[in-house]
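One structure below.
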Amino acid sequence: MIESIKSQLDNTLEKIDLKISDDHYSGKVRENFYLDDKIVMITSDRVSAFDHILGTIPFKGQILNEIACFWFNKTKDIVPNHFISSPDEQVLITKKAKTLPVEVIVRQYITGSLWREYKQGINGQYGFMLPENLKENQEFDKPILTPSTKAEYGLHDEPISREKIVNSLVDEKIYSKAEKYALQLFDAGQKWANKMGLILVDTKYEFGVYDDELIVIDEIHTPDSSRYWVKDEYIDRYNKGIGQKMLDKENIRKWLIEKGFQGEGIPPKLTDDIRILLSEKYMELYKKLLGEDFVPSVGNVQSRIERNLSKIELLK
Ligand SMILES: Nc1ncnc2c1ncn2[C@@H]1O[C@H](COP(=O)(O)OP(=O)(O)O)[C@@H](O)[C@H]1O
Ligand SMILES: [Mg+2]
């Protein structure tokens, strides 16, 4: 596997140059081409952390997109979603929704940014108080919702309370439904992860309205939008006060923090060693979570996408 990762280092999808439509949005990770009521959503191999784009990781786009497809399919009977089809390993055709201006984050453990804030004495920013004296990576009795605003590129998403959301951003009925959907999806995600020897620690959902219906959009339960830990090791590591075995994006945040970067200034350049290591982590997660080997599509990603999209006559 390591050989295929090495051979892909110079073949990753960083930018895309395709004639699909003029209405185009380049996100941190994905490239959206808007059609009348659909989006051609291409998952690049870019990796972002602390809201910065850092570089590319071999096979990251394929892994993310395939995991998202797995979850959209698995949960479609619980919560309606935007998935229409996947004409390529890194492409989704989705319903074009009117997006809610908030991200709904569900957490079962105190870790990551929430822990970093809590440790500094920040509490109450979501409209309720977290208990005192929590320890890093401690489990909550039940999942909590810590929503945030959806910031433009270059700005950070900000914590927001439910009250503020329903008073100024989203109709209360719609937001309540989004909360219910988020908890239902999270429950399904936790149950499946648990069966596969993993913990779904926390995750982020985005919602939108399409044809007067609230649907979940973006990506669900991917390693970019979620934290996954190895279940068997949780208690022991927690009791010893050491970090959890992570199979998600926190690995890159950890590497950056070790290099002295926490979101401000210019991020360090990714070395090939860390690109390879992260690719392996993403593959390990794929295998554990889906219970099957990851089959990498080696070679030039842009030309493969071009071939697959021209087959379904999506190129101008
Ligand atoms: N079905 C959908 N309808 C409209 N917008 C969507 C849909 N699914 C995802 N999006 C938006 O597409 C973008 C995906 O690209 P991404 O790289 O995640 O961007 P960002 O840097 O904004 O997070 C996000 O802004 C997300 O909100
Ligand atoms: Mg995003």
Side-chain angles (χ1 to χ4, degrees), residues 1-14 28-30 42-50 52-71 88-90 111-112 137 189 192-204 219-234 236-237 242-259 261 267-302 304:
M1 199 50 91
I2 185 98
E3 283 315 307
S4 66
I5 298 177
K6 280 189 181 151
S7 77
Q8 197 68 9
L9 283 169
D10 295 326
N11 257 331
T12 53
L13 185 69
E14 180 162 22
K28 289 183 289 284
V29 172
R30 280 159 295 167
I42 301 176
T43 306
S44 74
D45 294 313
R46 295 193 292 267
V47 64
S48 80
F50 300 115
H52 285 263
I53 297 168
L54 302 158
T56 63
I57 308 293
F59 308 117
K60 177 175 178 275
Q62 187 190 347
I63 291 172
L64 249 78
N65 192 50
E66 290 185 357
I67 292 178
C69 288
F70 168 85
W71 281 112
D88 177 275
E89 292 88 318
Q90 281 173 240
T111 191
N137 300 343
W192 176 264
N194 186 52
K195 226 168 56 180
M196 305 311 277
L198 294 168
I199 297 175
L200 177 60
V201 178
D202 50 39
T203 197
K204 177 218 66 166
E219 57 187 332
I220 53 176
H221 304 167
T222 72
D224 266 12
S225 68
S226 319
R227 268 194 192 87
Y228 285 100
W229 292 337
V230 175
K231 186 174 103 178
D232 279 355
E233 306 202 15
Y234 172 74
D236 193 43
R237 285 172 177 260
I242 55 175
Q244 292 297 321
K245 180 142 197 299
M246 311 171 280
L247 291 170
D248 57 63
K249 232 174 81 173
E250 193 71 3
N251 285 299
I252 183 136
R253 296 196 192 99
K254 193 174 142 221
W255 184 82
L256 291 168
I257 291 170
E258 277 163 19
K259 299 258 164 204
F261 181 78
K269 203 172 157 2
L270 298 184
T271 59
D272 281 351
D273 283 347
I274 185 77
R275 295 175 69 213
I276 293 169
L277 183 95
L278 290 169
S279 183
E280 287 178 317
K281 291 276 178 201
Y282 280 118
M283 285 185 190
E284 197 184 334
L285 175 70
Y286 183 103
K287 194 170 173 185
K288 281 222 163 79
L289 185 65
L290 272 54
E292 51 192 70
D293 277 332
F294 172 66
V295 185
S297 287
V298 182
N300 189 280
V301 179
Q302 155 120 4
R304 188 196 71 221

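Only a predicted model underlies this, so the values are computations on that prediction, with no experimental measurement involved.
- Side chain of Q8 to backbone of G299: a donor-acceptor contact under 3.5 angstrom is found.
- Proximity of a side-chain donor or acceptor of Q90 to a complementary backbone N or O of T43 within less than 3.5 Å is detected.
- A donor-acceptor pair is defined here as one N or O able to donate and one able to accept, closer than 3.5 Å; no such pair exists between the side chain of K288 and the backbone of V230.
- Put simply, the side chain of S44 gets close to the backbone of V29: a donor and an acceptor are under 3.5 Å apart.
- Looking at every heavy atom in both residues, G189 comes nearest to W71 through CA-CH2, 3.7 Å.
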Exercise for review: Show the numbers, then the answer: is there a side chain to side chain contact (heavy atoms under 4.5 Å, CB included) between W192 and L289?
Suggested key: CA-CA 8 Å; W192 176 264; L289 185 65; 4.0 Å; yes
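- Between W255 and F261, the distance separating the two ring centers is not shorter than 6.0 angstrom.
- With rounding to the nearest 0.5 angstrom, the CD atom of E280 is 4.5 Å from the CD1 atom of I5.
- Using modelled atom types, no side-chain atom of K287 and backbone atom of D293 make a donor-acceptor pair closer than 3.5 Å.
- K60 pairs in a side chain to side chain donor-acceptor pair (under 3.5 Å) with only one of the listed residues (T12, D45, D224), which is D224.
- At distances below 3.5 Å, not a single donor-acceptor pair connects side-chain atoms of R275 with backbone N or O atoms of I57.
- When all heavy atoms of N137 and I242 are compared, the pair lying nearest together is ND2-O, 4.5 Å.
- Residues K249 and S48 meet the side-chain proximity criterion, which asks for heavy atoms closer than 4.5 Å.
- When every heavy atom of E66 is checked against every heavy atom of Y286, the shortest pair comes out as OE1-OH, 3.0 Å.
- Put simply, the side chain of F294 does not reach to within 4.5 Å of the side chain of E284, judged on heavy atoms.
- Counting only N and O atoms by type, the side chains of Q244 and Y234 include no donor and acceptor under 3.5 Å apart.
- The shortest distance between side-chain heavy atoms of R304 and S297 falls below 4.5 Å.
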Review point. Hey, mind stepping through R30 and R46 against side chain to side chain contact (heavy atoms under 4.5 Å, CB included) and telling me if it holds?
Key: CA-CA 8 Å; R30 280 159 295 167; R46 295 193 292 267; 5.9 Å; no
Point to revise | Stepwise side chain to side chain contact (heavy atoms under 4.5 Å, CB included) test for I67 and L64 | key: CA-CA 5 Å; I67 292 178; L64 249 78; over 6 Å; no
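- Contact check for Y282 versus V47: side-chain heavy atoms found under the 4.5 Å cut-off.
- Summarising the geometry, atom CE belonging to M246 is positioned 8.5 Å from atom OG1 belonging to T111; distances are rounded to the nearest 0.5 Å.
- Interatomic distance, CG of D248 versus CH2 of W229, reported as 9.0 Å (0.5 Å rounding).
- Taking all atoms of both residues into account, the shortest heavy-atom contact from N251 to K281 is ND2-CD, 3.7 Å.
- If you look at H221 and Y228, their ring centroids are not closer than 6.0 Å.
- In terms of heavy atoms, S4 sits closest to V298 at CB-CG2, 4.1 Å.
- A salt bridge links E250 with R227: at least one charged nitrogen is closer than 4.0 Å to a carboxylate oxygen.
- Of the possible donor and acceptor atoms, one in the side chain of S225 sits under 3.5 Å from a partner among the backbone N and O of T222.
- The OG atom of S279 lies 11.5 Å from the CG atom of D272; values are rounded to the nearest 0.5 Å.
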**Study point:** side chain to side chain contact (heavy atoms under 4.5 Å, CB included) between I220 and F70, worked out
**Key:** CA-CA 9 Å; I220 53 176; F70 168 85; over 6 Å; no
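- One finds the CG atom of L198 at 9.5 Å from the NZ atom of K245 (value rounded to the nearest 0.5 Å).
- In summary, the side chains of E14 and T56 do not present any donor paired with an acceptor at a separation below 3.5 Å, with no hydrogens or angles considered.
- Scanning all heavy atoms of the two residues, the minimum distance from M196 to L290 falls at CE-C, 4.0 Å.
- Within the model, atoms CG of L256 and CG of L54 stand 5.5 Å from one another, a figure rounded to the nearest 0.5 Å.
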